[in-house]
Amino acid sequence: MQNLISSAPSRRRCTEQRCISLLQSATSLPRLLQALAFLLKCGNQSNLLVLTRFAAAAAILGPGAAAAAATLLFSPSFSPLHLYDSFLLNTSLQSLSPSPLHPLPIFSLMLRLQLPPNHFTFPFLLKAISATPSPLASASLVHCSALRFGFAGDSFVQNTLIHAYASAGGAGLESARKVFGESPKTSPITFSAMIGGYVLHGRSNDAIVLFRQMQYAGIQPDYVTIMTALSACIDLGALDLAQWISSFVAKENIPKTLCLCNALVDALAKCGDVDGALEVFDQMLERNIISWTSVIDGLAMHSRGMEAVRMFETMKASGVKPDAVAFIGVLKACSHGCLVSDGRHYFASMTTEFGFEPRIEHYGCMVDLFSRAGMVEEAMEFVRAMPIKPNPVVWRTLIAACRIHGNLQLGENVTKRLIKEEPLYGSNYVLLSNFYALSKRWEKKWEIRYTMGQQEMCKVPGFSMLELNGEIYDFVAGGEKLSRHQEIYEMVEEIAKKLKRAGYVPTTSEMLLDIDDEDKEDALHWHSEKLAIAFALLKTLPGTRIRILKNLRVCGDCHSATKFISKVYQREIVVRDRSRFHCFKDGACSCKDFW
DNA sequence: CTAGGGTTAG
């Protein structure tokens, strides 16, 4: 008896599941039709799920197959299916999301069969379009269609339209903004769609401006808007805003969902407030692997490797099984904290204790672990013994170690090998020319620079950002974007003099120019973070902590200069690198010079 | 039957 009751629904589910996989596995239209015929024989005439999956499977095969399928489905001989009309096609559209399959064939069929789209059609359609590779053209096509059918004023349509346009980036963002501006009713959803689009395409400044406007307009952000705004904070290192959001969440009646708390932990840590992140983490009622990974990664970024390792152990003890990403976190903590033996232990435990096959990222962490610790030969040996092919990232890790630890010959060889693999990537040639400069082979260096010029390859320009009183300031080397540059350059000169008196010796070896030493020193002063620090020293009261964010890694000279500045000017200076934090205080850096 | 979203080596 018990058996009968429990097996009946499960058998039906199983059949349906089988239908779907049968349809999805069809590789051509004839096979698909064959599959459908079989399913109909099993009595699926009115099973909507099966029929919509059939339509979706046909759409995957291409417009021709989709047309044939729809003609079949909606032909009179297939009655009474035509009663489903738009509903069937809407559901087909829905079933395409979030897979990246193109929904337009289904939509055009719908029009061809003169089935009128209704107000469910456009959101489904636009949602599916957002997930396709280049949604701009499709979005504007559907936009026109929505206007023609009189659905452009529907708020669901507007929100999905903003999302679809914004997903395209570039000009799509402007189209999205236009729809956004024309939307009469704005909800947190409208704002999330627009803000999310900005964040997705690297315009986090615009995202935050809009987030502020939202509050100004009296619209209460909900948890999705907040998570989106937190992503923008991460991009910009906007600590003030991240902390403000954190307290906002604490005092307002916003559901503290697992997702939201994870986003808060991640954002606070990445904006420089690990202790704030730990506080949120401690108060969480429920934690998943992402919560643990975020907090471990946050500790790793701040050189708190031992704590990260303890956290990893606590996680295991609390019954959460580490996954591949969590291992990346703990291995990163070991390499940034110079915990070589712990790193070895965790790497080994991946296979012995948890049965994972380490991925290239894990091998990369190990190479970094040995490299930072100065064990360059060991790192090279590790790469040689790797069972998977090292990728360019691994090579670059090793190359960075060779440069820092002075293994010039090895570095040069590895860089040449990298260039063979990636001949079109400009930065690789810069790396090679660096080694030539370090070994003072200027002709070789100029040869490379010449080749680069010929092929129009260039270096990623470095920039720094600084947040002062809620405003974000940009600095690029040379500083031509700044209106007050004269003042800043004078400050840079003054800093240089003071540092020299304090015993600072500029490191010129990282410069690529073979000009005389004095000029080299000059050129080093223009690195974007030096400009940012000078500006911050001018604009803030003594004792204020200075926070800088960079797109590249800190160069050796800036690192030692900043250590001196922190002592001479008695300031705490926090620099967020590409991958970690440096907290300069009293002439020392929290990274203990491992970076 | 409708909309916006989270951790990942350098």
Side-chain angles (χ1 to χ4, degrees), chain A residues 48-49 52 84 86-95 97-98 118-127 130 151 154-164 166-167 183 187-197 199-200 221-231 234 257-267 269-270 288-298 300 323-336 358-369 371-372 390-401 427 552-553 577-580 595:
Chain A
L48 200 57
L49 182 65
T52 54
Y84 291 123
S86 306
F87 183 53
L88 178 53
L89 282 176
N90 278 346
T91 322
S92 313
L93 285 172
Q94 190 182 20
S95 72
S97 215
N118 56 28
H119 59 102
F120 293 113
T121 311
F122 289 100
F124 283 142
L125 186 55
L126 287 162
K127 186 179 180 182
S130 303
F151 290 112
D154 183 284
S155 66
F156 280 84
V157 175
Q158 281 164 349
N159 292 338
T160 37
L161 196 53
I162 292 167
H163 182 62
S167 307
S183 302
S187 66
I189 299 173
T190 322
F191 276 93
S192 306
M194 196 62 232
I195 295 172
V199 174
L200 190 64
D222 67 4
Y223 81 101
V224 178
T225 328
I226 289 175
M227 286 192 338
T228 316
L230 286 171
S231 306
I234 293 175
T257 59
L258 182 58
C259 277
L260 178 57
C261 292
N262 287 346
L264 264 175
V265 169
D266 187 42
K270 290 206 171 103
N288 64 4
I289 185 72
I290 294 174
S291 332
W292 288 98
T293 306
S294 299
V295 84
I296 289 168
D297 210 59
D323 64 3
V325 183
F327 270 106
I328 291 174
V330 76
L331 291 175
K332 195 162 120 181
C334 293
S335 80
H336 289 235
R359 298 198 311 232
I360 187 71
E361 291 93 331
H362 301 109
Y363 287 100
C365 287
M366 291 307 283
V367 175
D368 193 47
L369 174 75
S371 294
R372 279 178 204 276
N391 64 5
V393 179
V394 169
W395 293 125
R396 276 190 281 273
T397 306
L398 200 55
I399 290 164
S427 308
L552 304 172
R553 281 174 72 176
D577 221 35
R578 253 191 92 98
S579 66
R580 50 128 54 250
W595 90 95

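Reminder, nothing fancy here: chain letters follow the sequence lines and each chain counts from 1.
Whole-Å rounding puts the A:Leu161 CG to B:dG4 C1' distance at 14 Å. At whole-Å resolution of the value, CG in A:Leu264 and C1' in B:dT7 are 14 Å apart. Rounded to an integer number of Å, the gap from NE2 of A:His119 to C1' of B:dT2 is 8 Å. Between the NZ atom of A:Lys270 and the P atom of B:dT8 there is a distance of 4 Å, rounded to whole Å. One can place CZ of A:Arg553 at 7 Å from P of B:dG10, the figure rounded to the nearest angstrom. The interatomic distance linking A:Ile195 (CD1) with B:dA3 (C1') rounds to 15 Å, in whole Å. Summarising the geometry, the separation between CG on A:Leu200 and C1' on B:dG4 is reported as 12 Å, rounded to the nearest angstrom. Put simply, CD1 on A:Ile162 is 19 Å from P on B:dT2, counting in whole angstrom units.
With B:dC1, B:dA9, B:dG4 as the candidates, the nucleotide lying closest to the side chain of A:Phe124 is B:dC1. Closest to the A:Asp368 side chain, of the nucleotides B:dG10, B:dG5, B:dA3, is B:dG10. Looking at the side chain of A:Ile189, the nearest of the listed nucleotides B:dT7, B:dG4, B:dT8 is B:dG4. For A:Phe156, the side-chain atoms get nearest to B:dT2 when compared with the rest of B:dG10, B:dT2, B:dG5. Each of B:dC1, B:dG5, B:dT7 was ranked by its minimum atom distance to the side chain of A:Phe120; first place goes to B:dC1. Listed nucleotides B:dA3, B:dG4, B:dC1 differ in distance to A:Asn118; the shortest reach to its side chain belongs to B:dC1. If you check B:dT8, B:dA9, B:dG5 against the side chain of A:Val325, the one that comes closest is B:dT8. In the set B:dG10, B:dA3, B:dT8, the nucleotide with an atom closest to the side chain of A:Thr160 is B:dA3. Side-chain atoms of A:Asp222 lie closest to B:dG4 of the nucleotides B:dG10, B:dG4, B:dT7.
With hydrogens and angles ignored, the 3.5 Å screen pairs a side-chain donor or acceptor of A:Asn118 with a backbone N or O of A:Thr121. Using modelled atom types, one side-chain atom of A:Asn159 and one backbone atom of A:Ser155 make a donor-acceptor pair closer than 3.5 Å.
Here A:Asp154 lies out of heavy-atom contact (under 4.0 Å) with every strand. Residue contacts shown for A:Ile360 include a base, since a base heavy atom lies under 4.0 Å away. Residue A:Ser291 is out of contact with every strand shown, counting any heavy-atom pair closer than 4.0 Å. Residue contacts for A:Phe327: at a heavy-atom cut-off of 4.0 Å it reaches no nucleic acid atom on any strand shown. Among the atoms of the strands shown, none is found under 4.0 Å from any heavy atom of A:Pro392.
Using a 30° and 60° split on the angle between ring planes, A:Phe327 and A:His362 fall in the perpendicular class, above 60°.
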Problem - CA sep, side-chain torsions, deciding dist, call: A:Arg359, A:Ile328, side chain to side chain contact (heavy atoms under 4.5 Å, CB included) - result: CA-CA 10 Å; A:Arg359 298 198 311 232; A:Ile328 291 174; 4.0 Å; yes

Side chain to side chain contact (heavy atoms under 4.5 Å, CB included), that's the test. Do A:Lys332 and A:Asp297 meet it? Break it down for me. CA-CA 8 Å; A:Lys332 195 162 120 181; A:Asp297 210 59; 3.4 Å; yes

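Counting atom types as modelled, A:Ser192 pairs no side-chain N or O with a base atom of B:dG5 as donor and acceptor under 3.5 Å.
An OP1 or OP2 oxygen of B:dT7 is reached within less than 4.0 angstrom by no side-chain nitrogen or oxygen of A:Lys332. Dashed line: the shortest gap from a side-chain N or O of A:Arg372 to OP1 or OP2 of B:dG10 is under 4.0 Å.
Within the structure, salt bridge (charged side-chain N to carboxylate O under 4.0 Å, His left out) contacts touching residues 221-231 of chain A (residues at least two apart or in different chains) do not occur.
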